[in-house]
**Student:** 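This is the structure I have questions about; it appears just below.
Not measured: the values here are computed from a predicted model. Atom set for the values below is all heavy atoms of this structure, side chains included, hydrogens, waters and symmetry mates excluded. Proteins come first, then strands; the chains are lettered A, B, ... in the order of their sequence lines, and each starts at number 1.
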Protein chains: 2
Amino acid sequence: MGATKTDHFTESQNELAVLAKALGHPARIAIMEYLLKVDACICGDIVNELPLSQPTVSQHLKELKNAGLIKGSIEGNSICYCINEPGLEKIKVFFEHISDHLANKRNECC
Amino acid sequence: MGATKTDHFTESQNELAVLAKALGHPARIAIMEYLLKVDACICGDIVNELPLSQPTVSQHLKELKNAGLIKGSIEGNSICYCINEPGLEKIKVFFEHISDHLANKRNECC
DNA sequence: ATTTATTATCGTAATATTGCAATATAAATA
DNA sequence: TATTTATATTGCAATATTACGATAATAAAT
C-alpha cells in the first residue's frame, strides 16, 4: 500500500489532483508567485529567491513542469522558466465551477 | 530531512500550499465534486460513492476538514458534511490573481 | 582546450502519505 | 439493555515526498 489508486478515479479527477498536488508545497507556490511578480520568463535566479538549495529548487521546478504549470526553454547557458497557461486554465475552471455552484444555491444546513 | 521547511515561507504561501495539498488526491477531488453535485450537506453515503474503504474515506474527509475545505457537524448518528466556503474562497482568489496577471500581460518569450 | 556558470541527476536519510483490517465510539432502535 | 448503524481511531506496511551533498551535464567565455 501507500500508492494512490489512480485507476479507480476519472481522468479528470486525477488530472486535477496532479495539478493541485504540484501546488501543494510552499516552495512551489513561491515559485509561481515569483514568476507572476517578475512578469517575464525568468532565467536563473529562482534559486536565489528561495530558502532552499539549488538541487531542491531544481526538483520543485521539475515537478511544476511535469504537472504542466510552468514551462522551460533553454536560453544560452541558463534556462528560461515561465507560467504555462493551459495548465493553470484547468484548475481555474474547476474553481469557477465550484464558485458557480456555491453562488446559485446556498444550503444552510451546516 | 523530508520535512517541509514551512518556517522559511510566508504564512500566505503555507496556507495556499495546505489548501492545494488537500486537493492533491483524486479521492479528495471526488469528494468535493460529490458534495457539489448533490448540492447539500451529505449525511452518510460518501463511502459508497468512492472505491475506497470506510477508514480510508474517513481519513480523506478529515484532511479536507483540517485544511478548511469542508465542514462537518453531527446529525443524529451520522455526520453531515458540506463545503466550507471561506476555505475555497482563498484558493479561488489565488487563481483569480493569476488569471488577471496573465490576461494583462502576455509575454511571448517561451 | 580549459575554465566558468548554470541547471540537472544521483544517492541517501528523514519524514509524510496512502490504504486497510481491526477496533473503538456514539447514537438510534428494538 | 442489547443490537444495529454510522463514523472515527489505531496500528502497520508499502510507497512517496522532501531535502541536500556530491557529481554530472551543458554551453558560453576565455
**Student:** When rounded to the nearest 0.5 angstrom, what is the spacing between CG in L50(B) and CZ in R28(B)?
**Tutor:**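 Taking CG in L50(B) and CZ in R28(B), the distance rounds to 11.5 Å.
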**Student:** Can you measure I46(A) atom CD1 to dT6(C) atom C1' for me and round it to whole angstrom units?
**Tutor:**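 Interatomic distance, CD1 of I46(A) to C1' of dT6(C): 12 Å.
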**Student:** Calculate the interatomic distance between L50(B) atom CG and dC20(C) atom C1'; express it in whole Å.
**Tutor:**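 Answer to the nearest Å: 15 Å.
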**Student:** Measure up the F95(B) and F95(A) rings against each other and bin them: parallel (under 30°), tilted (30 to 60°), perpendicular (over 60°).
**Tutor:**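 Judged by the thresholds at 30° and 60°, the geometry between F95(B) and F95(A) is parallel.
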**Student:** Working to the nearest 0.5 Å, report the span between CG of N48(A) and CD of Q54(A).
**Tutor:**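 Rounded to the nearest 0.5 Å, the CG-CD separation comes to 10.5 Å.
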**Student:** Does a nitrogen or oxygen in the side chain of H60(B) sit under 4.0 Å from OP1 or OP2 of dG19(C)?
**Tutor:**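 The answer is yes; a side-chain N or O of H60(B) sits under 4.0 Å from OP1 or OP2.
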**Student:** Relative to each other, are the rings of H60(A) and H25(A) parallel, tilted or perpendicular (30° and 60° limits)?
**Tutor:**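 Ring orientation of H60(A) relative to H25(A): tilted.
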**Student:** Just how far is it from atom CG of N14(A) to atom NZ of K5(A), taken to the nearest 0.5 Å?
**Tutor:**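 Taking CG in N14(A) and NZ in K5(A), the distance rounds to 13.0 Å.
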**Student:** Roughly how far, to the nearest 0.5 Å, is CD1 of I29(A) from CG of L19(B)?
**Tutor:**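 Nearest 0.5 Å value for the CG-CD1 distance: 9.0 Å.
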**Student:** Mind listing the residues from residues 22-30 of chain A sitting with a heavy atom below 4.0 Å of DNA chain D? Number order is fine.
**Tutor:**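 Hits under 4.0 Å, by residue number: H25(A), R28(A).
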**Student:** Test L69(B) against every option in E85(B), E63(B), M32(B) by the side-chain contact (heavy atoms from CB on, under 4.5 Å) rule and name the one that passes.
**Tutor:**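 Exactly one option meets the side-chain contact (heavy atoms from CB on, under 4.5 Å) with L69(B), and it is M32(B).
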**Student:** For Q59(A) and T56(A), test the side chains for any donor-to-acceptor distance below 3.5 angstrom and give the result as yes or no.
**Tutor:**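 No pair is found: no donor N or O on one side chain lies under 3.5 Å from an acceptor on the other.
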**Student:** Can you tabulate the close N/O pairs, meaning under 3.5 Å, that link protein atoms to atoms of nucleotides 8-12 of chain C?
**Tutor:**
| unit_1 | atom_1 | unit_2 | atom_2 | d |
| --- | --- | --- | --- | --- |
| dA8(C) | OP1 | Y81(A) | OH | 2.7 |
| dA8(C) | OP2 | S58(A) | OG | 2.9 |
| dA8(C) | N7 | Q54(A) | NE2 | 2.8 |
| dA8(C) | N6 | Q54(A) | OE1 | 2.9 |

**Student:** Using whole Å, report how far CG of N66(B) lies from P of dT17(C).
**Tutor:**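 So the two atoms are 11 Å apart, to the nearest Å.
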**Student:** Report the distance from atom CG of L36(A) to atom CG of L88(A), rounding to the nearest 0.5 Å.
**Tutor:**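 Atom-to-atom, L36(A):CG and L88(A):CG are 7.5 Å apart.
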**Student:** Given the rule in the side-chain contact (heavy atoms from CB on, under 4.5 Å) test, do L23(A) and L16(B) qualify, once you have shown the distances and angles that lead to the verdict?
**Tutor:** CA-CA 8 Å; L23(A) 291 172; L16(B) 279 168; over 6 Å; no
**Student:** Distance check, rounded to the nearest 0.5 Å: L35(A) atom CG versus K71(A) atom NZ?
**Tutor:**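 Taking CG in L35(A) and NZ in K71(A), the distance rounds to 12.0 Å.
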**Student:** Does K21(B) have a side-chain nitrogen or oxygen under 4.0 Å from the phosphate oxygens OP1 or OP2 of dA16(C)?
**Tutor:**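 It does not, given that no N or O in the side chain of K21(B) lies less than 4.0 Å from OP1 or OP2 of dA16(C).
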**Student:** For DNA chain D, which residues of residues 4-17 of chain B approach it to below 4.0 angstrom with any heavy atom?
**Tutor:**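 Within this stretch, T4(B), K5(B) sit under 4.0 Å of the strand.
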